[in-house]
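Just so you know, ligand 1 is whichever comes first in the structure, and atom 1 is the first atom listed for that ligand. This structure is a prediction, so every number in the text was calculated from the model and none was measured.
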Amino acid sequence: MTDALPLVLVSRALPPGWLDRLEGRCEMLVGDADVAGFDSPLLEALPRAEGILCLLTERVDAALLDRAPRLRVVSNMAVGVDNIDVAACTARGIPVGHTPGVLTEATADLAMALLLSAARRLPEAARDAREGRWSTWSPTGWLGTDLHGARLGIVGLGKIGAAVARRARGFGLELVYASRSARPELEAELGLRRLLLPELLATSDMVSLHVPLDEHTHHLIDAAALRSMKPSALLVNTARGPIVDPDALEHAVRNGEIAGAALDVTDPEPLPPEHPLFARPEVLVLPHIGSATRGTRRRMAELAADNLLAGLRGRPLPHTVNPEVEPRARAPHRLGPSRGER
Ligand code: GLV
């Protein structure tokens with residue numbers, strides 16, 4: 001009977017092998033590889049689902065949870081969980097898993113790539129070279145900003161912010177950070193100095209964002225914050241799009257309030273091609289690829305699978321955002337003849 005294995009909804013098809021460890025441990029109903037959100041067969045199966053493994057493009061809210069009374073675990077294949085109503089999950093006793101750690105280095109690499117790209121104007125220079133505007137070596141062509149000696153303001157000093165600091169130190173940047181809590185051990189290790197956010201914004205040559213998206217950080221970088229930055233400043237965002245007000249950013253670069261921005265995340269995602277930010281030569285926009293290396297994405301999928309399996313077994317998740325929730329094993333009457341899973 002259907003009681004033999006718990007039903008898991010995997011919101012999007014993943015490459016062969018990434019979820020091998022789920023084989024034989026659950027029944028999987030898998031959504032379309034290229035369509036964001038839960039497709040109709042998955043939505044119809046919600047009443048029977050005991051687990052969900054989803055991506056950051058899927059919204060898991062109270063309305064969805066209400067359709068899934070047997071749900072015992074939500075596993076997000078992402079470190080950020082702003083797509084999930086964690087409070088609603090907690091209220092229903094559902095642990096929520098996420099994938100910290102495994103994507104730290106890849107995301108920090110991309111933040112550095114964006115920083116270098118913006119500082120040295122790589123997209124503009126590459127486009128000009130390709131399109132025939134490279135007539136000679138020019139002493140004044142494509143002039144950028146030195147990283148060496150510039151001040152980098154890191155907003156949010158979690159795992160990824162710290163990994164960016166480690167890399168930036170090697171480039172000779174002066175490092176300051178703003179964070180809810182002080183990190184004295186990192187200050188000592190990396191020569192970081194903690195500032196309040198207004199001072200960090202007003203004095204940094206480059207600002208890189210590494211805070212999670214929540215009610216406190218939504219539009220943290222708004223018109224006033226952008227106006228307070230140096231006209232020569234560059235903004236890098238590899239965290240979440242809505243941390244920056246996109247209209248205020250477009251206004252700020254158009255009016256020279258800051259010199260440029262490099263964004264791996266936008267609001268909305270995808271950013272429509274006709275969005276005015278795409279028309280600004282000082283703005284580089286990438287399609288949210290911070291963790292997009294083959295090794296990292298596979299490790300994220302494997303960690304998401306481990307979180308899911310732990311939840312299905314009624315055990316603590318290796319990485320959860322609501323540890324106060326005690327995972328529930330299957331109700332014994334649903335286990336059928338083998339009462340094994342506990
Ligand atoms: C990616 O953005 C993630 O949160 O994992």
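Taking 4.0 Å as the cut-off between side-chain N and carboxylate O, Arg254 and Glu282 do not count as a salt-bridged pair.
In terms of the side-chain contact (heavy atoms from CB on, under 4.5 Å) criterion, residue partners of Ala108 (sequence neighbours excluded) are, by chain and number, Ala163, Val164, Arg167.
Atom CD of Glu174 and atom CG of Leu147 lie 13.0 Å apart (nearest 0.5 Å). Taking CG of Leu303 as the start and CZ of Arg21 as the end, the distance is 8.5 Å to the nearest 0.5 Å.
Few gaps surround CG on Leu143; more than 12 heavy atoms of other groups in view lie less than 6.0 Å from it.
Using modelled atom types, one side-chain atom of Thr104 and one backbone atom of Gly101 make a donor-acceptor pair closer than 3.5 Å.
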Using a 3.5 Å cut-off on N/O to N/O, what pairs does ligand 1 make with the protein? A line per pair would be great.
{"unit_1": "ligand 1", "atom_1": "2 (O)", "unit_2": "Arg240", "atom_2": "NH1", "d": "2.7"}
{"unit_1": "ligand 1", "atom_1": "2 (O)", "unit_2": "His288", "atom_2": "NE2", "d": "2.7"}
{"unit_1": "ligand 1", "atom_1": "4 (O)", "unit_2": "Val79", "atom_2": "N", "d": "3.2"}
{"unit_1": "ligand 1", "atom_1": "4 (O)", "unit_2": "Gly80", "atom_2": "N", "d": "2.9"}
{"unit_1": "ligand 1", "atom_1": "4 (O)", "unit_2": "Arg240", "atom_2": "NH1", "d": "3.4"}
{"unit_1": "ligand 1", "atom_1": "4 (O)", "unit_2": "Arg240", "atom_2": "NH2", "d": "2.7"}
{"unit_1": "ligand 1", "atom_1": "5 (O)", "unit_2": "Val79", "atom_2": "N", "d": "2.8"}

